[in-house]
Amino acid sequence: MEPIEINQLQEHIDSFANKEVYVHLETTNGAYASHFNQDAYNVGAFIRNAKVTYQRGKVVGAGATYRVGLKLDIGWIYAEGVNQFEVEQNRLLMAGHDREGRLMVALQISESPFQY
């Protein structure tokens, strides 16, 4: 994955707009938190192959992390803390990793379902 270049990432997000796409969204501090601190509160979210059509997407931020939002007819999907992306097999993969390289957030967009 490469560090985010905002204009390049925006072009990729725009390329999926107004199409039926599959979204994968995942957040976690999971085992990272409890492994180092038994009192830490673990949180996470996982959505795989949600079929959506978004009118527009937007990437905002500067510096180390970015927010990516997808505007739906009835609301928004967004991921905060994204800092890397790549395009692989016509899939846009975005992720946020902490200073130690551990995954904290992932947002992926594809015209075909993600494999399990």
Side-chain angles (χ1 to χ4, degrees):
M1 297 191 105
E2 298 295 324
I4 288 179
E5 194 285 289
I6 200 164
N7 293 325
Q8 187 178 27
L9 178 54
Q10 185 65 59
E11 286 180 20
H12 290 299
I13 291 168
D14 292 345
S15 74
F16 289 99
N18 299 305
K19 296 179 181 178
E20 193 170 78
V21 295
Y22 295 87
V23 171
H24 170 84
L25 176 62
E26 174 179 354
T27 65
T28 186
N29 74 344
Y32 311 143
S34 62
H35 178 72
F36 293 108
N37 180 354
Q38 291 180 343
D39 296 326
Y41 190 76
N42 289 339
V43 297
F46 185 88
I47 300 168
R48 185 105 168 139
N49 289 324
K51 193 185 293 189
V52 302
T53 301
Y54 62 90
Q55 296 90 18
R56 63 185 172 93
K58 185 71 176 168
V59 56
V60 296
T65 62
Y66 298 83
R67 180 183 326 160
V68 177
L70 308 176
K71 175 66 173 104
L72 309 174
D73 284 338
I74 59 172
W76 285 86
I77 295 172
Y78 81 89
E80 180 103 26
V82 175
N83 58 19
Q84 296 180 317
F85 82 102
E86 70 182 21
V87 176
E88 175 183 285
Q89 299 175 359
N90 200 31
R91 295 176 175 185
L92 176 56
L93 312 175
M94 297 165 277
H97 296 88
D98 69 8
R99 290 180 195 95
E100 296 177 33
R102 298 174 299 201
L103 179 68
M104 302 303 284
V105 63
L107 176 61
Q108 302 174 352
I109 305 168
S110 174
E111 291 183 46
S112 59
F114 294 97
Q115 300 301 309
Y116 291 97

Got a donor-acceptor contact below 3.5 angstrom from the Asn49 side chain to the Tyr22 backbone?
-> no

Just how far is it from atom NZ of Lys58 to atom CG of Leu9, taken to the nearest 0.5 Å?
-> 11.0 Å

Can you find a heavy atom in the side chain of Met1 that is under 4.5 Å from one in the side chain of Asn83?
-> no

Below 4.5 Å, heavy atoms only, C-beta onward: do Ile47 and Val23 meet side chain to side chain?
-> no

Between Glu80 and Arg67, the two heavy atoms sitting closest are OE1-NE, 2.8 Å

Between atom CD of Gln89 and atom CD of Glu111, what is the distance when rounded to the nearest 0.5 Å?
-> 13.5 Å

Do Val105 and Val52 share a hydrophobic cluster, counting only Ile, Leu, Val, Met, Phe, Trp and Tyr and linking them when any side-chain heavy atoms are less than 4.5 Å apart?
-> yes

Interatomic spacing from OG1 in Thr53 to CG in Asn18 - rounded to 0.5 Å = 8.0 Å

Please indicate whether Glu5 has more than 12 foreign heavy atoms, meaning atoms of other residues, nucleotides or ligands, lying under 6.0 Å from its CD.
-> yes

Aromatic rings His12 and Phe85: how do their planes relate, parallel, tilted or perpendicular, breaks at 30° and 60°?
-> tilted

How far does OG of Ser15 sit from CG of Asn90, to the nearest 0.5 angstrom?
-> 7.0 Å

Would you say the side-chain atoms of Thr27 pair up with the backbone N or O of Ala45, donor to acceptor, closer than 3.5 Å?
-> yes

Shared hydrophobic cluster for Ile77 and Ile109 (ILVMFWY, side-chain gaps under 4.5 Å) | yes

Separation between CH2 (Trp76) and CG (Leu70), nearest 0.5 Å, reads 8.0 Å

Does the side chain of Glu26 come within less than 4.5 Å of His24's, by heavy atoms?
-> yes

What closest approach, in Å, do Gly61 and Ile6 show between heavy atoms, and which atom pair accounts for it?
-> O-CD1, 3.8 Å

Dump the intermediate steps for side-chain contact (heavy atoms from CB on, under 4.5 Å) on Val68 and Ile13, then the final yes or no.
-> CA-CA 9 Å; Val68 177; Ile13 291 168; 3.7 Å; yes

In terms of hydrophobic clusters joined by side-chain contacts under 4.5 Å, are Leu25 and Tyr54 together?
-> yes

Donor on one side chain, acceptor on other, Gln10 and Asp14, under 3.5 Å = yes

Looking at CD of Glu2 and CD of Gln84, how far apart are the two atoms once the value is rounded to the nearest 0.5 Å?
-> 8.0 Å

Looking only at atom types and distance, does a side-chain atom of Glu20 sit under 3.5 Å from a main-chain N or O of Lys51, one as donor and one as acceptor?
-> no

Is any side-chain heavy atom of Leu107 less than 4.5 Å from a side-chain heavy atom of Leu92?
-> no

Quick one: does Arg48's side chain have a donor or acceptor within less than 3.5 Å of a partner on Pro113's backbone?
-> no

